[in-house]
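Structure first, then comments.
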Number of protein chains: 2
Amino acid sequence: MAGENQELRSAGLKVTHPRVKILQLFENSNERHLSAEDTYKLLLEAGEEIGLATVYRVLTQFEAAGLIIRHNFDGASAVFELVRGDHHDHMVCAESGQVIEFHSAEIERLQKEIAEQHGFELVDHNLVLYVKPKK
Amino acid sequence: MAGENQELRSAGLKVTHPRVKILQLFENSNERHLSAEDTYKLLLEAGEEIGLATVYRVLTQFEAAGLIIRHNFDGASAVFELVRGDHHDHMVCAESGQVIEFHSAEIERLQKEIAEQHGFELVDHNLVLYVKPKK
DNA sequence: CTAATTGCAAAAGCTTTGCAGCGCA
DNA sequence: TGCGCTGCAAAGCTTTTGCAATTAG
């Protein structure tokens with residue numbers, strides 16, 4: 001309830017109607033991965049008249065604040081996801097469009113190892129598996 | 001020299017001037033990762049008057065034919081890379097912008113394993129490590 | 001009250017498409 | 001010759017931005 005307000009303040013953002021509603025949407029939606037357009041439409045369905053430009057601005061601010069992360073799965077449009085503390089990667093089904101989250105400590109370890117072997121420090125990574133149903 | 005012509009024919013594509021030039025560009029350029037815009041500009045510099053729309057169409061056809069692959073590193077614009085038979089992933093240095101290619105059979109194996117554990121078949125994947133120089 | 005935020009519409013990238021003319025097979 | 005290909009310009013999409021009005025603190 002008021003939890004969102006605190007999260008926004010901690011992020012250094014004023015508690016405005018659009019920001020609260022968008023944060024609530026991410027916290028309550030069944031679909032964890034939403035594009036700006038998805039977000040905009042869901043707000044409209046919920047009777048919230050929030051401009052699409054505002055949705056984009058708020059999502060960008062949330063990303064900068066570390067509240068959500070942006071994914072560019074295919075290149076078409078970005079999708080956003082609430083940060084819940086648990087890091088994970090994604091598997092996208094080419095047929096159903098379904099997005100599955102997974103985590104592999106071993107892959108994470110190997111990534112770090114490979115970066116270091118090349119004289120670098122691993123800052124971030126992006127792993128997406130494109131799959132189809134097993135016959 | 002005539003190698004490109006054969007590659008194009010095998011791909012079921014007519015041997016036209018734009019297609020030959022674009023394929024040569026990818027085979028001879030020092031930079032292995034080119035966006036449509038990069039390709040267009042390099043062609044202009046080489047004195048080839050090929051339309052940007054044609055560049056996009058040819059790159060899309062080459063991708064469909066399996067001659068090149070498309071990467072969406074950041075979401076801004078896609079970059080293309082000649083398929084040389086060796087599969088590899090990429091490491092991008094945040095400071096220098098440098099792109100390093102690497103391959104890990106172990107990560108590949110784990111990916112396949114994970115997809116299968118979830119009841120899927122791995123079709124493709126995208127792995128990018130974002131790194132910075134080790135201090 | 002004041003600076004931050006919003007909404008609208010216009011603009012900005014990147015990419016695709018319609019169509020008339022040109023070129024390879 | 002015929003169908004595919006090219007070029008240009010226009011249109012499409014996602015995302016960003018300018019600006020006046022509104023709102024949070």
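The chains referred to below are lettered A, B, ... by the order of the sequence lines, with proteins before strands, and numbering in each begins at 1.
- Straight-line distance from the CD atom of Glu63(B) to the C1' atom of dT16(C): 14 Å, rounded to whole Å.
- Annotation: the terminal axes of the helix from dC1(C)-dG25(D) to dA25(C)-dT1(D) meet at 30°, where each axis is the rotation carrying the C1' atoms of four end pairs onto the next four (5 pairs per end, rounded to 10°).
- Remark: the Arg57(B) side chain and the dG4(D) base include no donor-acceptor N/O pair separated by less than 3.5 Å.
- Leu42(B) has its side chain within reach of Leu34(B): a pair of non-hydrogen atoms, C-beta onward, lies under 4.5 Å apart.
- Residue pairs meeting the ring pair (Phe, Tyr, Trp, His ring centres under 6.0 Å) criterion with at least one partner in residues 69-98 of chain A, sequence neighbours excluded, are His33(A)-His90(A), His71(A)-Phe73(A), His71(A)-His90(A), Phe73(A)-His90(A), His87(A)-His103(A), His87(A)-His125(A), His88(A)-His90(A).
- Under a 4.5 Å side-chain heavy-atom cut-off, the cluster of Ile, Leu, Val, Met, Phe, Trp and Tyr residues that includes Ile69(A) is completed by Val83(A).
- Dashed line: the shortest gap from a side-chain N or O of Arg19(B) to OP1 or OP2 of dC5(D) is under 4.0 Å.
- Applying the side-chain hydrogen bond (donor to acceptor under 3.5 Å, both in side chains) test to Thr54(A) and every residue at least two apart in sequence or in another chain returns nothing.
- In this structure, the side-chain contact (heavy atoms from CB on, under 4.5 Å) partners of Ala65(A), at least two apart in sequence or on a different chain, are Ala11(A), Leu67(A).
- Val123(B) is not connected to Val128(B) by any chain of hydrophobic side-chain contacts under 4.5 Å among Ile, Leu, Val, Met, Phe, Trp and Tyr, and they are in different clusters.
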Expected rows: protein N/O vs nucleotides 22-25 of chain D N/O, under 3.5 Å:
from	atom 1	to	atom 2	distance (Å)
dA24(D)	N3	Lys14(A)	NZ	3.4
dG25(D)	OP1	Val15(A)	N	3.4

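- The salt bridge (Lys or Arg N to Asp or Glu O under 4.0 Å) search around Glu101(A) returns Arg32(A), not counting sequence neighbours.
- Atom pair Glu48(B):CD and dC5(D):C1' shows a separation of 16 Å (rounding to whole Å applied).
- In this structure, of dA9(C), dT6(D), dT6(C), it is dA9(C) that holds the atom nearest to the side chain of Ala53(A).
- Leu34(A) has its CG atom 16 Å from the C1' atom of dT14(D), to the nearest Å.
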All N/O contacts under 3.5 Å from nucleotides 13-15 of chain C to the protein, with atom names and distances to one decimal?
from	atom 1	to	atom 2	distance (Å)
dT15(C)	OP1	Ala78(B)	N	3.1
dT15(C)	OP2	Tyr56(B)	OH	2.5
dT15(C)	O5'	Tyr56(B)	OH	3.4

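- Other cluster members for Ile114(B): Met91(A), Ile100(A), Phe102(A), Ile107(A), Leu110(A), Ile114(A), Phe120(A), Leu122(A), Leu127(A), Leu129(A), Val131(A), Met91(B), Ile100(B), Phe102(B), Ile107(B), Leu110(B), Phe120(B), Leu122(B), Leu127(B), Leu129(B), Val131(B), joined by side-chain heavy-atom distances under 4.5 Å among Ile, Leu, Val, Met, Phe, Trp and Tyr.
- For residues 75-84 of chain A, no residue pair satisfies the salt bridge (Lys or Arg N to Asp or Glu O under 4.0 Å) rule, not counting sequence neighbours.
- Counting only residues at least two apart or on different chains, the side chain to side chain donor-acceptor pair (under 3.5 Å) pairs with a member in residues 55-69 of chain B are Arg19(B)-Gln61(B), Glu63(B)-Arg70(B).
- Listed by first and then second residue, the salt bridge (Lys or Arg N to Asp or Glu O under 4.0 Å) pairs that reach into residues 110-129 of chain A are Arg109(A)-Glu113(A), Glu121(A)-Lys135(B), sequence neighbours excluded.
- If you measure from atom CG of Leu59(A) to atom P of dT5(C), you get 15 Å, rounded to the nearest angstrom.
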